[in-house]
Amino acid sequence: MDKSLYSMAKIEDAGEICRKIIEDATAQASSILTSAEKEKSKILEEANHESENKKKEALKKNDIEIEKMKQKIFSTLNLEKKKLFLEEKSRFIEAVLEKAREIATEFRQNPDYKTFLEKAISEGVDVIGEKGVDVLYSGLDEKIIRGDFIKNVNGIALEFKKCDFKDIGVIVQSKDSRLIYDNTFSARFKRLHDDIYMDLLKGAF
């Protein structure tokens, strides 16, 4: 073979090899770039997804905190409302009880007051449980506590003693003063106060 032709063939082979190398390199580079773009897109997508999740989580936490605040506010308002309602009830009940006390002071002028005193004495006698007792009464009842009144209380030796209290009712005690039963209106009212208060509380409003 002519040396010049051989040289030309070698040059053409070398050119083909270079072309192939360039094509392979270009294809490989393109593949790497494509993979890199895919990885970049994946990273961005994951970042966006994570960011979205974080945003949703933050909003969720914020909503929870807002709900807690609302519940706390409503709870406080309800407690205040109940407190005001109970205070209003208490004022109403105290007004009723005060009116009851006023009516009690006027009861002394009622024709039934004499019967009330007799029952108050009988209750006291039953509680003391002795043959003889002292009956302490208000000086305001002096016109009622007379001989005919005393005769209406039978079976027990009663000694009536005028005292300086103004309350309606009587105080019954044993002769040695060891046993005392306060059956005045104030004492009766005090004994029944809690029950009366609760009944009014249930029925008010």
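Just the heavy atoms: all of them, side chains too, but no hydrogens, waters or symmetry mates, feed the values below.
- Dense packing is recorded around CG of Asp112, with more than 12 heavy atoms of other residues, nucleotides or ligands lying under 6.0 Å away.
- The salt bridge (Lys or Arg N to Asp or Glu O under 4.0 Å) with Asp141 is formed by just one residue from the set Lys114, Lys162, Arg108; it is Arg108.
- Once rounded to the nearest 0.5 Å, the distance linking CD1 of Ile128 with OH of Tyr181 reads 9.5 Å.
- Counting only residues at least two apart or in different chains, side chain to side chain donor-acceptor pair (under 3.5 Å) contacts with residues 128-137 comprise Asp134-Lys161, Asp134-Lys175.
- Summarising the hydrophobic clusters (Ile, Leu, Val, Met, Phe, Trp, Tyr; side-chain heavy atoms under 4.5 Å, direct or chained), the residues clustered with Ile180 are Leu136, Phe165, Ile171.
- Each of Tyr113 and Leu140 belongs to its own hydrophobic cluster when Ile, Leu, Val, Met, Phe, Trp and Tyr are linked at side-chain heavy-atom distances under 4.5 angstrom.
- Pairs of residues two or more places apart, or lying in two chains, that qualify as salt bridge (charged side-chain N to carboxylate O under 4.0 Å, His left out) and include a residue from residues 179-190 are Glu123-Arg188.
- In this structure, Phe116 and Asn110 have side chains that are not in contact, with every pair of non-hydrogen atoms separated by 4.5 Å or more.
- Side-chain atoms of Asp167 come within 3.5 Å of backbone atoms of Ser186 as a donor-acceptor pair (strictly under, hydrogens ignored).
- Two residues are said to be in side-chain contact when any heavy atoms from C-beta on lie closer than 4.5 Å; Ile121 and Val133 fail this criterion.
- Rounded to the nearest 0.5 angstrom, Phe107 CZ and Leu117 CG are separated by 8.5 Å.
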